[in-house]
Every structure is written in C-alpha cells, then in structure tokens.
Colleague: 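One structure follows; several queries about it will come next.
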Amino acid sequence: MTFSKQILSTEWTFKDRDDETSDAWMPVSAVPSTVQQDLIANKKLEDPYLGFNELKARWVNEKSWVYRHVFQQPEIPAGATVALVFDGLDTFASVKLNGKVILESNNMFLGYRVDITEELRSSPESGNVLEVEFDCAQHKAIELRKKDPNHKWHGFNGEMGRLGVRKAQYHWGWDWGPIIMTAGIWREVRLEVYSARVGDLWPQTYLAPDHQTATITAHAKIDVPKSEGCVARFHLTLRGKEIAHQDIPVSSGQNARTTFRVNNPELWWPHGYGAQTLYEVSVSLLCDANELHNVSKKFGIRSAEVIQQPDKHGKSFFFRINGMDIFCGGSCWIPADNLLPSISTERYRKWIELMVEGGQVMTRVWGGGIYEDDAFYDACDELGVLVWQDFMFACGNYPVWPELLESIREETAYNIRRLRNHPCIAIYAGNNEDYQVQEQTGLTYNYEDKNPENWLKSDFPARYIYEKLLPELVSEHSPSTFYHPGSPWGDGKITSDPTVGDIHQWNVWHGTQEKYQIFDSIGGRFNSEFGMEAFPHMSTIEYFLEKEADKHPQSHVMDFHNKADGHERRLATYLVENLRLATDLETYTYLTQVVQAETMMFGYGGWRRQWGDERKCGGALLWQINDCWPTISWAIVDYFLRPKPAYYTVKRVMQPIVIGVRRSHHDWSVVHAVPPKQSQYEIWVASSRQEVLHGTVELRFLSVVTGKDLRAPALFTDVTISPNGTTDITSGIIDHVAEPEPHVLAARLWIDGQIVARHVDWPQPLKYLDFSDRGLEVKQQPGASAGKQLLRINSQKPVKCFVFEERENVRISDSAIDIVPGDEQLVEITGLSDSDLPLRYRYLGQ
C-alpha cells in the first residue's frame, strides 16, 4: 500500500491529572500546544507575559497534566503497519493507548515512533483512546537531584535539578526569561500507515577543492518487511529540473545508496557572498513496481571549515566557506517564545529576514534552548544565514548516569540526522559556558588526561559528553561538520584566553564592567557572546504594563520584567557614565537604547577592523538578537520583532564596505574629568568584497557647538581598498589646546561617485556635550510610490542617534543615525499608508 499519514491535531481534551471532578476535561484548540496556551484559551490562566502574571501562573508548573484524543482505526491493508509518531513530547510523558502504556518518554528533544498495529480496535462506538500523561518536570528534577547527592550540582540560572532533565533549560528561568515550565505535545503527532517506507534520506556532499565537481552520495534507510523486489529510485534536481536519476536495489540491510557526480556545481553561499542555491534529492520506494513512499530533501553544495592555525596573535579561529574567508558577524539566538508552539513558520522567517536585512552572516543557536524547528533552518538555508549550533547543555555541571547518557546519545543522533542536510549549519558546539562553570566552581579538569574513564569518575563528568560522546556522534552522522567542545572553548586553556578559540566577553556589563568605549581591546579570536542591555520599545513596554502608575523606569513591574542580576546598578552605571539622565519612561527607554547602540558600534567596529590583521578577530555574535517574552534584556530586536537602535548600528557596521574613524580613549573617570590635551585619531576602511576597489575618503573636523568646520577637510583620492580585509587610511592628532571646541570627526567613503559608507566619531562621554539647537530638518521627498516614503534629513549642527519610531509591518532602511551639516541622508520607509501618521523620531538632547 502507499504510505499515508493522518495528523492528530484537533479534537483533543486535557485536564489537571489530579482533578477528578466531572467537568475537569477542557477542550484543546489544536496540538502542538502547551498546557499554558490551553489554559489561557479556556480562561483558566491570565497571560503570563503581562504585569506580574508570571507569578500567578507558577501553580501550573507544579501540576501534572493529561491529554486525551479518541480516533477511529484507519484502514489497514493486510500486512501494513500503523505507527503512532510523536515529533516532540514535553517532557516526562506516559502514553497510553486503550489503557495500555505504549511509550514512556523523558526527553523533550527526541521524536518517538511506536508500532500500534496490534493495539488498535476497530469498533466505531468506542474508538481508540489515546492518553498522554505529563508528569511535573519541576518535581521530577528535584527528585533526580536528591537521588544523586554526591554529584556537584553547580551552575548558573534556575533550579539545578534541571541538569538531570532533558528539557529546554531556559524553562527553569534565565537572566532574560521567566519561569514557565511548559508541558504538552509540543510538536506534531500523527498516525502513519504503510507496508514499507523510507525512514531517512541523507544527501552527503563533497565539493572538490577546485569547485569544478561535487559528489552527492544519497543514503536511504528503508523500513520494509523484505527487500526482495524493492528498488529505491533516486532523483537529483535543481530548480525543478532533473539532473540525474538512478534505480538501486534495496539491500538485505534495508539500505540503498547511490552517488551522483555534478560538474560545475552551483554553490550555496552565505548572503552577500553568492547565491543560496539549493538542490533537491528524492527517493521513491518501489516494491513489485508499485511506488509505496517518496521522500525528498533540499541541500546545498558547499564546503565549510574552521581555520585554526598558529599566528602572531596566538591561534586563529575563523570560518572559510567554499574556500573564502568570511568575517562572521551576527548574533546569538534564543527560543523566540516561552510557549514554543506559538512560533509560526512565518514568524521564524521574519526573524531570519531581519538578520539578513541587518547584514548578519551567522546566528548561534544557544545551548539552553531547543534544537530549532525545521522552519528555522529552512529559512537560514534559503536566505543564507550560517548557523553555529550548540548542543543543548548550558551553564551547569551535568551528571552522567548511564540512562541519562543513553538518552543524550539518542537525542544527539536523532537531531544530527534531522539537521545534517542543511547547508546553513557550519559548526556544532558541545555546550554553552559549562567549562566556565567548571572554572568558577573549582571542578577538576586536567586537559592532559586523555582517558575518558577518568573523566567519568571526576567531579566534572560532563567532560565525557563534550569531548567523547558528542564528537563521536558528529563524526558518525555528519562527518564533514566541524565540532567544537564548548562555547567558549580554546584547546583546554582558560575560557577567557583571548588568543585561542572563542570567548564570551562579558567584562562590559558583567565582570569588571569596563567602559564600552574600549570593547574592541578586550576581544578574542572569535567573540561568540557580548552585549549591553536596553529597554524594548515603548509599545512593547505598554503591552506588559497593566497600570498607568507603573509607567516609570523604576516601577516594580519594570524591574520584574528584567531578570538580570544587578540590572539596576549596571544600567545606572553605564547611563550615568555616558549620558545626561532623565526620569520619564520614554526618554529613559531611549537613553538605554543609545547606550546599547554605542556599545555595539565600539565592539563591532573595532573587531571588524581586526579581521584585516591576520584574522585577529574571526567574528562577533552579539548577545542576543531576540527575546522569548516582552522584557528588558540584551536583545537588539524585541519580542514583537521591533528593532532597537543597536540593530541599525550593527547593520551599518556589517555592510560589505564600511569606514571607521575613532580617537584614542581618554578615561575621564580615572583622570577625574580632566580633558585631554591631545587626541590621536585613526581612520580605516573594511571590505568583505573579494576584489580590489578604489575610492575617495573624506575626513571632516566639525564643531559640536557651531557645526562649522574647524579645519579644512582631509581628502584622500584614489585610495586602494584591500579585498576581504582592512585598509588603514591615515592617523593624526587633534590639539585640544589650539582647538578647544569639542570635535566631531565625520568620515565618508565614495566609490564610483557614490557615498557607500559614513561614520562619525564623537568626544566622550556624550554627557559633557550640549546638544541644544541642532537645526534638524526632516522632509518627505514628493512623488514616492504607494506604501513607500523617502525622507531627507539635514542638520545645521551635528546630531547624535536620530531614531525613528518602530511600528508593526513598517520597515525603515536606517535609524540610530548620526547627522552632520552638509551631509544630507536619505531614509526609505515602507509599509506606511497615506492615512497613517508620520513616524515620530527623536535624537540625543531633544
């Protein structure tokens, strides 16, 4: 018979397991879902994202829940199998069919398939009763912890019993997210009926070094009672056009494999470097000439390497795609919601589109969340965003009971097999910050001891997972993908070592709380985490505030929606050091966003410049792109996909060609605000283009007070811009005794007569500057097309951080702009109708 499936998404009910009242069962709109979503739909729970409702929802975390569905037996031809398939159960689940337990689950990250052919009953009167009981993960975690009192349950964030549970770790609460312990059928559940099927299809690719040929080996795993008379018909296509096909007899081991050779292959590239070409391989299973099942997968042809070579800075760490060195600027990704089934395919794509529009080449799927939905990786493939994929371990010393190790083994193999066709995935990393936990809590780690059995007996047994179990599974199931034991990690050296591997540089905000103006000087070979907090947009704040009286920066509910330890002190520190303070919520919100934008500019700008210095810095992934609820955090785009000003700062720094100018840092706090007598400045151009370019560079010296040129502009013509690197243009001195007015350094770059890059360097700190009477002018260009506006922005004096209001479904080409006299800037706005009010805007000192 031909393979068929029936998705079991509707006609479910659920209840509190311990509620025996007659009206306990409540309807479920659809699965996948979580119990919180279903309680909200039944008006039994207030939205936990509003006000203090998270606290009101904590009772749900303490309960166990049961879901029930009654279905009729599907038609089952003779010899056919009926499988019940769960793509995800969260987390401790006991599945009963007609009163019999058919599955016990304790791993949220695993899919399950159960043969239920013999358990079905055909009576239409009674039907088949499917029940899924979810035990309380919070209680189970505490029980597991108590069972192993000898293990050192060390870690950051949440109940440490989480370390023994294979559930998304952020559900226990993080320093940017609430404690919402979801339970439920969180991914698709279905019936499959078949006499034979294709269990897996893997297009394993090899690209020749000269890129002239590629070899695609298609592996098909076949589930069939007997292989005699069965053929796997493989097809290779590009944009719907067949390139090749091959019929392969199914082996006695129920496998089939064929190899295709492609001449002059079209390669898959990250966006900005080439096309995102996707081939497709399919396999049809034919038994006795009848097609029983067909499976297809898209994939890309590309090579991906992590280059680690000794150099003058230590040991490099950067990515080479298709033989091309790529500076991987981007961001870290956390789950986009605490209620995971609410993230639609469209919402995933909007997030990835924002990354691409923002010039971000790579995103890091953080290890305290989930192995993401297929829609996430599909969008990264199609839009050209590289993925750094952590395995799901974060901020803790994980135990290694035999049954837990076996569950981790199954989870890892399952997810690598699910993801390995995606060309976006460039690296697997073993964990997030677990080696930092080891260092900070004094756990035993002897890098020179290479005996895995000793690791299991130590008080840091998780080393066995990261340095033996995971790399072996990656080698087996996706051998061409680079494996990195952790993030951060550097050949067994201390995780803060800037000369090797990747680092999480948190000495701005956390740690020593350095000035953000020196961010680039404390980076490493690859900066895979760093950040600065900022408030979300006012519309997002107004969404979660329930009372008008709470609309001030220090209200109780505002603090409740910021989960970072010590956020009050740290936000206050960076604000008071740099900006003139305000107490009204709207201005305060804007000021936090200015600080975040400036922090990203100083970090990203400097690190991208270092790319040209023998790849001293191979990439920068800010913490973080997104939020999982409406909150105050390090995200540069808030929960409702509204970009903060820092998003635009990163977008400008990540353009293919950028110009940078900055003066030497004068630490005003150390010298007690005594101004410098001189300031050294430098100007450079960074390019990711692969060809040599020629351009003209202008550097102006402008008075912050009057907007006038304090000296003649410096002009550099026919500048040769180095490919895929950095070109130093000039350096010089500002004599503040001879020229006491505060200077703005404004740089522009022309190529082929067009301005392609700008940058403005300001005296620091900004709080010492007078921003009054800027003479700003914003005019709409007449004759714009429907749904599109072009704004012309001028000023008589330098303007700092000109920011537009963000609205849903409205896109702004640029924001958080610095404007100087004589340099009109154009901003395109799409999505506004003629009847909409113009976007509001503000700037520093307004």
Side-chain angles (χ1 to χ4, degrees), residues 46-58 157 173-180 338 506 508-511 513-516 531-600 623-624 627-640 642 644-646 669 765-768 771 800-801 803 805-806 816 840 842-846:
E46 296 179 75
D47 185 343
Y49 294 170
L50 304 183
F52 291 101
N53 287 353
E54 179 207 337
L55 298 177
K56 297 179 184 178
R58 293 276 176 92
N157 295 301
W174 223 260
D175 56 4
W176 35 256
I179 302 173
I180 297 180
N338 268 84
W506 280 108
V508 171
W509 181 266
H510 290 303
Q513 296 179 37
E514 303 291 340
K515 301 284 197 304
Y516 62 67
M532 173 61 68
E533 273 206 355
F535 280 31
H537 286 285
M538 279 302 301
S539 54
T540 300
I541 293 172
E542 289 164 350
Y543 173 84
F544 68 73
L545 291 180
E546 294 188 299
K547 300 176 182 177
E548 188 67 23
D550 289 328
K551 288 183 67 173
H552 63 90
Q554 295 173 287
S555 70
H556 191 179
V557 72
M558 289 294 290
D559 275 350
F560 182 72
H561 276 255
N562 190 337
K563 302 298 187 180
D565 291 344
H567 65 263
E568 301 93 338
R569 293 181 177 185
R570 290 167 190 177
L571 272 174
T573 295
Y574 284 102
L575 285 170
V576 78
E577 282 185 344
N578 292 284
L579 302 174
R580 300 183 186 184
L581 299 186
T583 56
D584 69 284
L585 180 57
E586 189 165 353
T587 304
Y588 189 90
T589 293
Y590 168 76
L591 294 179
T592 68
Q593 294 174 351
V594 172
V595 167
Q596 186 187 51
E598 288 290 282
T599 303
M600 294 301 101
W623 186 267
Q624 65 224 57
D627 279 324
C628 64
W629 72 316
T631 189
I632 300 161
S633 77
W634 300 271
I636 63 167
V637 180
D638 73 24
Y639 173 78
F640 292 107
R642 296 167 181 144
K644 300 179 189 178
S669 59
L766 296 170
K767 66 182 179 181
Y768 293 162
F771 287 104
K800 181 65 186 173
C801 206
V803 171
E805 166 194 8
E806 296 284 341
R840 295 183 302 138
R842 68 180 305 146
Y843 51 90
L844 200 60
Q846 184 180 9

Colleague: Checking side chain to side chain contact (heavy atoms under 4.5 Å, CB included) for the pair Glu586/Arg842: CA distance, chi angles, key distance, verdict?
Modeller: CA-CA 11 Å; Glu586 189 165 353; Arg842 68 180 305 146; 3.8 Å; yes
Colleague: Can a side-chain donor-acceptor contact be found between Ser669 and Lys515 if the only test is distance below 3.5 angstrom?
Modeller: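 There is such a pair between these side chains.
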Colleague: Are any non-hydrogen side-chain atoms of Leu766 and Leu579 less than 4.5 angstrom apart?
Modeller: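 Leu766 vs Leu579: side chains touch.
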Colleague: Verify, without hydrogens or angle tests, whether Ser555 (side chain) and Lys551 (backbone) share a donor-acceptor contact under 3.5 angstrom.
Modeller: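 No.
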Colleague: Rounded to the nearest 0.5 Å, how far apart are OH of Tyr516 and CE of Met600?
Modeller: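 Spacing of OH (Tyr516) from CE (Met600) equals 11.0 Å.
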Colleague: Is any side-chain heavy atom of Ser539 less than 4.5 Å from a side-chain heavy atom of Phe640?
Modeller: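 Not touching, per the 4.5 Å side-chain cut-off.
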Colleague: Check salt bridge (charged side-chain N to carboxylate O under 4.0 Å, His left out) between Arg58 and all other residues, then give those that pass, not counting sequence neighbours.
Modeller: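 Salt bridge (charged side-chain N to carboxylate O under 4.0 Å, His left out) list for Arg58, sorted by chain: Glu54.
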Colleague: Taking only residues two or more places apart in sequence, or in another chain, which ones meet Glu805 in a side-chain contact (heavy atoms from CB on, under 4.5 Å)?
Modeller: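 Only Arg807, Leu839, Arg840 meet the side-chain contact (heavy atoms from CB on, under 4.5 Å) criterion with Glu805.
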Colleague: State, to 0.1 Å, how close Pro48 and Trp629 come at their nearest heavy-atom pair, and which atoms those are.
Modeller: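 Heavy atoms only, the tightest pair is O-CZ3, 4.2 Å.
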Colleague: Output the distance between atom CD (Glu548) and atom CD (Glu542), rounded to the nearest 0.5 Å.
Modeller: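 These two atoms lie 8.0 Å from each other.
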Colleague: Do Gln593 side-chain atoms and Phe535 backbone N/O form a donor-acceptor pair below 3.5 Å?
Modeller: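 Flag set: sc Gln593 to bb Phe535 pair under 3.5 Å.
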Colleague: Is there a donor-acceptor pair under 3.5 Å between the side chain of Asn53 and the backbone N or O of Asp47?
Modeller: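 Yes: the side chain of Asn53 pairs with the backbone of Asp47.
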Colleague: Is there a side-chain contact between Asn578 and Glu598, using heavy atoms and a 4.5 Å cut-off?
Modeller: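 Asn578 does not reach Glu598 side chain to side chain.
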Colleague: Flag the pair Thr540 / Arg642 as yes when at least one side-chain heavy-atom distance between them is below 4.5 Å, and no otherwise.
Modeller: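 The answer is yes, as the side chains (C-beta and beyond) meet within the 4.5 Å cut-off.
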Colleague: Would you call Met558 and Ile632 a side-chain contact if the rule is heavy atoms closer than 4.5 Å?
Modeller: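 Met558 vs Ile632: side chains touch.
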Colleague: Quick one: OG1 on Thr631 to CG on Asn338, what's the gap to the nearest 0.5 Å?
Modeller: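 So the OG1 of Thr631 and the CG of Asn338 are separated by 10.0 Å.
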Colleague: Drop me the distance from Met532's CE to Leu571's CG, to the nearest 0.5 angstrom.
Modeller: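 Result: 8.0 Å between the selected atoms.
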Colleague: Nearest 0.5 angstrom please: Trp634 CH2 to His567 NE2, how far?
Modeller: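 The NE2 atom of His567 is 10.0 Å from CH2 of Trp634, to the nearest 0.5 Å.
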Colleague: Quick one: ring pair (Phe, Tyr, Trp, His ring centres under 6.0 Å) partners of Phe544, sequence neighbours excluded?
Modeller: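 Scan of Phe544 (ring pair (Phe, Tyr, Trp, His ring centres under 6.0 Å), adjacent residues dropped) gives His561.
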Colleague: Could you pull out all residues at least two apart from Phe52 that satisfy ring pair (Phe, Tyr, Trp, His ring centres under 6.0 Å)?
Modeller: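 Checked Phe52 against ring pair (Phe, Tyr, Trp, His ring centres under 6.0 Å); matches are His556, Phe560.
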Colleague: Measuring from Asp175:CG to Asp565:CG, what's the distance to the nearest 0.5 Å?
Modeller: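 Result: 7.0 Å between the selected atoms.
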Colleague: Any side-chain heavy atom of Thr583 within less than 4.5 Å of one from Pro553?
Modeller: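 Not touching, per the 4.5 Å side-chain cut-off.
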Colleague: Tell me whether the count of non-hydrogen atoms from other residues, nucleotides or ligands lying under 6.0 Å of CD in Gln554 goes above 12.
Modeller: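 Atom CD in Gln554 is not packed in, count stays at 12 or less.
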Colleague: Hey, does Asp627 have a side-chain heavy atom less than 4.5 Å from the side chain of Pro536?
Modeller: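 Side chain of Pro536 against side chain of Asp627, heavy atoms only: no contact under 4.5 Å found.
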Colleague: Excluding sequence neighbours, so at least two apart, what forms ring pair (Phe, Tyr, Trp, His ring centres under 6.0 Å) with Tyr843?
Modeller: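 Applying ring pair (Phe, Tyr, Trp, His ring centres under 6.0 Å) to Tyr843 gives none.
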Colleague: Indicate, with yes or no, if the rings of Tyr543 and Tyr639 have centres closer together than 6.0 Å.
Modeller: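 No; Tyr639 has its ring centre 6.0 Å or more from that of Tyr543.
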Colleague: Do the ring planes of Trp623 and Trp176 sit parallel (below 30°), tilted (30 to 60°) or perpendicular (above 60°)?
Modeller: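 Because their plane-to-plane angle lies in the 30° to 60° range, the rings of Trp623 and Trp176 count as tilted.
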Colleague: Using the side chain to side chain contact (heavy atoms under 4.5 Å, CB included) definition, which of the options Thr599, Thr592, Asn562, Val595 pairs with Glu533?
Modeller: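 Result for side chain to side chain contact (heavy atoms under 4.5 Å, CB included) with Glu533: Asn562.
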Colleague: Specify the closest pair of heavy atoms between Gly177 and Cys628, including all atoms of both residues, with the distance to one decimal.
Modeller: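 Smallest heavy-atom distance, with atoms named: CA-SG, 4.1 Å.
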Colleague: Please give me the minimum heavy-atom distance between Gln596 and Ala534, naming the atom from each residue.
Modeller: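 What the structure gives for the nearest pair is OE1-CB, 3.4 Å.
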Colleague: Below 4.5 Å, heavy atoms only, C-beta onward: do Thr587 and Leu581 meet side chain to side chain?
Modeller: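 Not touching, per the 4.5 Å side-chain cut-off.
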Colleague: Does a sphere of radius 6.0 Å around CG in Asp584 hold more than 12 heavy atoms from other residues, nucleotides or ligands, not counting ones at 6.0 Å or beyond?
Modeller: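 More than 12 heavy atoms, drawn from other residues, nucleotides or ligands, come within 6.0 Å of this atom.
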Colleague: Restricting to ring pair (Phe, Tyr, Trp, His ring centres under 6.0 Å), what partner residues turn up for Tyr590, sequence neighbours left out?
Modeller: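 Partners of Tyr590 under the ring pair (Phe, Tyr, Trp, His ring centres under 6.0 Å) test: none.
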Colleague: Do NZ/NE/NH1/NH2 and the carboxylate oxygens of Glu806 and Lys644 come within less than 4.0 Å?
Modeller: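 No, this pair does not count.
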